[in-house]
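Excluded from the calculations below are hydrogen atoms, water molecules and symmetry mates; all remaining heavy atoms, backbone and side chain alike, are included.
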Amino acid sequence: MQPAQAWAAVAEALRGRAETRLLEHSEHRLEGRLSEIAAAGEGAVLVGYSLGGRLALRAVLRDPPRFAGLVTVGATAGIDDPVTRSARAEADDRLASWMEAAPIEDIVAVWERQPLFADQSETLVEAQRAGRLAQDPRELAALLRSAGQGVLDPVWHELLEFELPLLAIAGARDEGYTAAAQRLADTAPRGRAAIVEDAGHAPQLQQPDAVARLLADFLDHDVGQ
């Protein structure tokens with residue numbers, strides 16, 4: 001629901017400290033997006049937020065030597081409980097069916113009312129709206145069906161032997177994903193977590209300078225580049 005430009009403030013804050021590339025996806029299914037990440041990110045530290053974090057994690061696990069490290073923001077390695085995961089898959093499928101027939105304005109209105117974003121200011125929400133309204137409902141539905149949390153198998157066990165440096169970021173007000181970030185850090189041998197104060201599910205939007213500082217520190221001290 002966001003264009004790559006949503007990361008522009010973080011990229012600007014990193015200017016002169018790290019080379020960045022904001023990946024605008026043209027594919028809207030899991031395998032297509034993983035292929036785009038692999039093609040664009042060779043040699044790079046991947047950074048992904050929410051769904052993008054789940055995709056980045058799976059891209060790196062699929063081919064670790066291709067990348068230098070991983071940063072997730074407000075992301076998890078999957079839903080462990082099969083019953084909960086199945087229920088989420090059914091709910092996502094119903095949502096996808098509704099999205100295929102709904103105007104994008106209705107989809108965006110529902111999306112913006114999620115409790116996950118309740119701590120975002122109206123100004124911040126309005127700033128994101130144009131990018132959301134530019135999305136195609138059918139493409140959003142296809143992505144939800146192929147890369148939603150309910151259809152993706154959890155990959156926590158794969159992190160036990162993950163050799164690359166991993167930084168898991170979450171906003172302090174985002175309790176569920178703060179716990180997920182800590183679990184990611186505890187599971188990966190070279191993992192660590194970083195919690196951004198005065199932020200919820202999207203710290204890169206709410207506190208871009210703080211996120212940029214975390215990324216720069218990760219590059220300097222964990223990745224060594």
Between atom CG of Asp93 and atom CZ of Arg88, what is the distance when rounded to the nearest 0.5 Å? 13.0 Å
Kindly determine whether Leu205 and Gln2 satisfy side chain to side chain contact (heavy atoms under 4.5 Å, CB included), including the steps that lead there. CA-CA 11 Å; Leu205 295 172; Gln2 291 177 323; 3.2 Å; yes
Check: Gln206 side chain, Gly200 main-chain N or O, donor-acceptor pair, under 3.5 Å: yes
State, yes or no, whether a side-chain contact exists between Leu184 and Trp156 at a heavy-atom distance under 4.5 Å. yes
Closest non-hydrogen atoms of Pro64 and Arg62, given as atom of the first, atom of the second and distance, are CD-C, 3.8 Å
Leu70 and Leu164, any side-chain heavy atoms less than 4.5 Å apart: no
Is the shortest heavy-atom distance from the side chain of Val110 to the side chain of Leu95 under 4.5 Å? no
Indicate yes or no for a side-chain donor-acceptor contact from Arg190 to the backbone of Asp222 under 3.5 Å, with no hydrogens or angles considered. yes
Show the nearest heavy-atom pair for residues Glu24 and Pro3, with the distance to one decimal. OE2-CA, 3.5 Å
Sub-3.5 Å donor-acceptor pair from the side chain of Arg85 to the main-chain atoms of Ile79, do we have one? yes
Can you check whether Gly53's main-chain N or O pairs, donor with acceptor, with Thr72's side chain at less than 3.5 Å? no
Restricting to non-hydrogen atoms, name the atom on Ala199 and the atom on Asp119 that form the minimum distance, rounded to 0.1 Å. C-OD2, 3.8 Å
Looking at Glu158 and Arg58, does any basic side-chain N land under 4.0 Å from a carboxylate oxygen? no
Closest non-hydrogen contact found for Ile37 with Ala56 is CD1-N, 4.3 Å
Using the rule that Ile, Leu, Val, Met, Phe, Trp and Tyr join whenever any side-chain heavy atoms are under 4.5 Å apart, tell me whether Val151 and Trp98 fall into a single cluster. no
Same apolar cluster (I L V M F W Y, side chains within < 4.5 Å links), Leu143/Leu34: yes
How far apart are the closest heavy atoms of Glu197 and Ala172, and which atoms are they? OE1-CB, 3.7 Å
Tell me whether the count of non-hydrogen atoms from other residues, nucleotides or ligands lying under 6.0 Å of CD in Gln5 goes above 12. no
Evaluate whether atom CD of Glu161 has more than 12 neighbouring non-hydrogen atoms of other residues, nucleotides or ligands under 6.0 angstrom away. no
Check against side chain to side chain contact (heavy atoms under 4.5 Å, CB included), Ile195 and Gln182: CA-CA 9 Å; Ile195 307 305; Gln182 191 60 60; 5.8 Å; no
Any chain of hydrophobic side-chain contacts (each under 4.5 Å) joining Val155 to Leu30? yes
Cation-aromatic face contact Arg17/Phe218, 6.0 Å, 45 degrees: no
Quick one: does Pro203's side chain get under 4.5 Å of Ile169's, heavy atoms only? yes
Whether over 12 other heavy atoms sit under 6.0 Å from Glu163 CD: no
What's the spacing between Leu14 CG and Trp7 CH2 if we round to 0.5 Å? 9.5 Å
Donor-acceptor check, side chain of Ser86 to backbone of Pro82, threshold 3.5 angstrom: yes or no? no
Could you tell me the separation between the CD atom of Glu12 and the CG atom of Asp209, rounded to the nearest 0.5 Å? 10.0 Å
Heavy-atom pair with the smallest gap, counting every atom of Thr76 and Arg54: O-CG, 3.7 Å
Would you confirm whether Gln114, through its side chain, and Trp111, through its main-chain N or O, come within 3.5 Å as a donor-acceptor pair? yes
Does any part of the side chain of Val73, heavy atoms only, come nearer than 4.5 Å to the side chain of Tyr177, both counted from C-beta? no
Could you state the interatomic distance from NE2 (His25) to OG (Ser35), rounded to the nearest 0.5 Å? 11.0 Å
Linking I/L/V/M/F/W/Y whenever their side-chain heavy atoms sit closer than 4.5 Å, directly or via other members, would Leu55 and Leu22 fall into one cluster? no
Do Asp198 and Arg173 come close enough that some side-chain heavy atom pair is under 4.5 Å? yes
So do the side chains of Val125 and Phe117 get within less than 4.5 Å of each other, counting heavy atoms only? no
Spatial distance of atom CG (Leu219) from atom CG (Leu215) [nearest 0.5 Å]: 6.5 Å
State, without any angle test, whether Ser26 and Arg33 hold a side-chain donor-acceptor pair at a distance under 3.5 Å. no
Quick test of your reading of the model: are Glu139 and Arg29 salt-bridged, counting only N-O distances below 4.0 Å? no
Taking Tyr49 as the starting point, is it possible to reach Leu167 by hopping between hydrophobic residues whose side chains are less than 4.5 Å apart? yes
Nearest-0.5 Å distance, CD1 of residue Ile104 to CG of residue Asp136: 7.5 Å
List the steps and the verdict of salt bridge (Lys or Arg N to Asp or Glu O under 4.0 Å) for Glu122 and Arg129. CA-CA 10 Å; Glu122 184 58 31; Arg129 189 166 293 141; 3.4 Å; yes
Show, in sequence, the C-alpha distance, side-chain angles and deciding distance for Arg66 and Glu42, and conclude whether the salt bridge (Lys or Arg N to Asp or Glu O under 4.0 Å) test is met. CA-CA 5 Å; Arg66 179 177 287 272; Glu42 186 168 4; 3.3 Å; yes
So does Asp186 pair up with Arg192, basic N to acidic O under 4.0 Å? no
Under 3.5 Å donor-acceptor, Thr178 side chain and Gly171 backbone: yes
pair Glu100-Pro137: side-chain heavy atoms closer than 4.5 Å: no
Will you find, in the side chains of Glu112 and Gln128, an N or O donor that is under 3.5 Å from an N or O acceptor? no
